[in-house]
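Below is one structure, written out as structure tokens; the observations come after it.
The figures that follow rest on heavy atoms only: side chains count, while hydrogens, waters and symmetry mates do not.
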Amino acid sequence: QVQLVESGGGSVQAGESLSLSCTASGNTHNLASMAWFRQPPGNEREGVASLDIDGSTSVAGSVKGRFTVSGDISKHTLYLQMNTLKPEDTAKYYCAAAGADSLHLDDRTGTGYNYWGQGTQVTVSS
């Protein structure tokens, strides 16, 4: 059992920045991956950025150059620095995690991630 809690969402104007944080608790000893996903209203969930236990990161092309993912899986933390926000970044952002035994992880859709936070809303106005 793993619990994830996100914080840092809010409403900002285009061009501004926000920082999101995620902290995992519970049975976190075998976490292998943590990631950020987002879901705009009426649209499918999409991957934003991920961090693996070996320290490798990935960032979706739509936010590359503007968003930076960081954290420490051994300390059960994940962060997302979002700069130069655009209206199309408006979505509910979710933190997700997967244990080492999870199979078929898909950082685009979230398939295979078995722990999810409650989400935090990010709204960007033009």
Disulfide (SG to SG under 2.5 Å) pairs, two or more places apart, involving residues 31-79
none
Go through the structure and list residues passing side-chain hydrogen bond (donor to acceptor under 3.5 Å, both in side chains) with T90, not counting sequence neighbours.
none
Only counting residues at least two apart or in another chain, list the ones meeting side-chain contact (heavy atoms from CB on, under 4.5 Å) with S70.
Y79
What are the two closest heavy atoms between L51 and D72, and how far apart are they?
CD2-N, 4.0 Å
Can you name the nearest heavy-atom pair linking T77 to T23, along with the distance?
CG2-OG1, 4.4 Å
Taken to the nearest 0.5 Å, the spacing of T28 OG1 from Q1 CD works out to 12.5 Å
Residues pairing under disulfide (SG to SG under 2.5 Å) where one sits in residues 86-126, two or more places apart or in two chains, turn out to be C22-C95
Which pair of heavy atoms, one from V2 and one from A24, lies closest together, and at what distance?
CG1-CB, 4.1 Å
With clusters defined by side-chain heavy atoms of hydrophobic residues (ILVMFWY) lying less than 4.5 Å apart, directly or transitively, does W36 cluster with L18?
yes
Are H76 and S25 packed together at the side-chain level, in the sense that at least one heavy-atom pair is separated by less than 4.5 angstrom?
no
Given side chains that start at C-beta, do those of L20 and M82 come closer than 4.5 Å, heavy atoms only?
yes
Enumerate the residue pairs fulfilling salt bridge (charged side-chain N to carboxylate O under 4.0 Å, His left out) with a member in residues 98-115, sequence neighbours excluded, ordered by first and then second residue.
D106-R108
Tell me which pairs pass salt bridge (charged side-chain N to carboxylate O under 4.0 Å, His left out) where either residue lies in residues 21-35, with sequence neighbours left out.
none
Taking side-chain hydrogen bond (donor to acceptor under 3.5 Å, both in side chains) as the definition, give me every residue that meets it alongside T111, ordered by chain and number, with sequence neighbours left out.
T109
Not counting sequence neighbours, list each pair that qualifies as a salt bridge (charged side-chain N to carboxylate O under 4.0 Å, His left out) and has a residue in residues 24-40.
R38-E46, R38-D89
Mind checking side-chain hydrogen bond (donor to acceptor under 3.5 Å, both in side chains) for Q39 and listing every partner two or more places apart, or none if nothing turns up?
none
Residue pairs passing the ring-ring contact (aromatic ring centres under 6.0 Å, His included) test where at least one lies in residues 106-126, sequence neighbours excluded
F37-Y113, F37-W116
On a heavy-atom basis, the closest approach of S50 and A35 is CB-CB, 3.7 Å
According to the disulfide (SG to SG under 2.5 Å) rule, which pairs have a member within residues 25-62, sequence neighbours left out?
none
Indicate, with yes or no, if L78 and L105 share a hydrophobic cluster defined by side-chain heavy-atom contacts under 4.5 Å among Ile, Leu, Val, Met, Phe, Trp and Tyr.
no
So, using side-chain hydrogen bond (donor to acceptor under 3.5 Å, both in side chains) as the criterion, who are the partners of S33 when residues are at least two apart?
D52
Minimum-distance pair of heavy atoms, taken over all atoms of G112 and A98
O-CB, 4.1 Å
Got a second to check how far I73's CD1 is from L31's CG, nearest 0.5 Å?
7.0 Å
Note: V69 and S58 closest approach over all heavy atoms is CG1-O, 4.1 Å
One pair to check against side-chain hydrogen bond (donor to acceptor under 3.5 Å, both in side chains): Q13 and S125. What are the steps and the verdict?
CA-CA 5 Å; Q13 299 243 316; S125 301; 5.4 Å; no
Cluster question for you: counting only ILVMFWY and a side-chain heavy-atom cut-off of under 4.5 Å, with indirect links fine, are Y94 and V63 together?
no
Point-to-point distance, once rounded to the nearest 0.5 Å, from CG of L85 to OG1 of T123:
10.5 Å
Please check this pair: side chain of E6 against backbone of Q118, looking for a donor-acceptor N/O pair closer than 3.5 Å.
yes
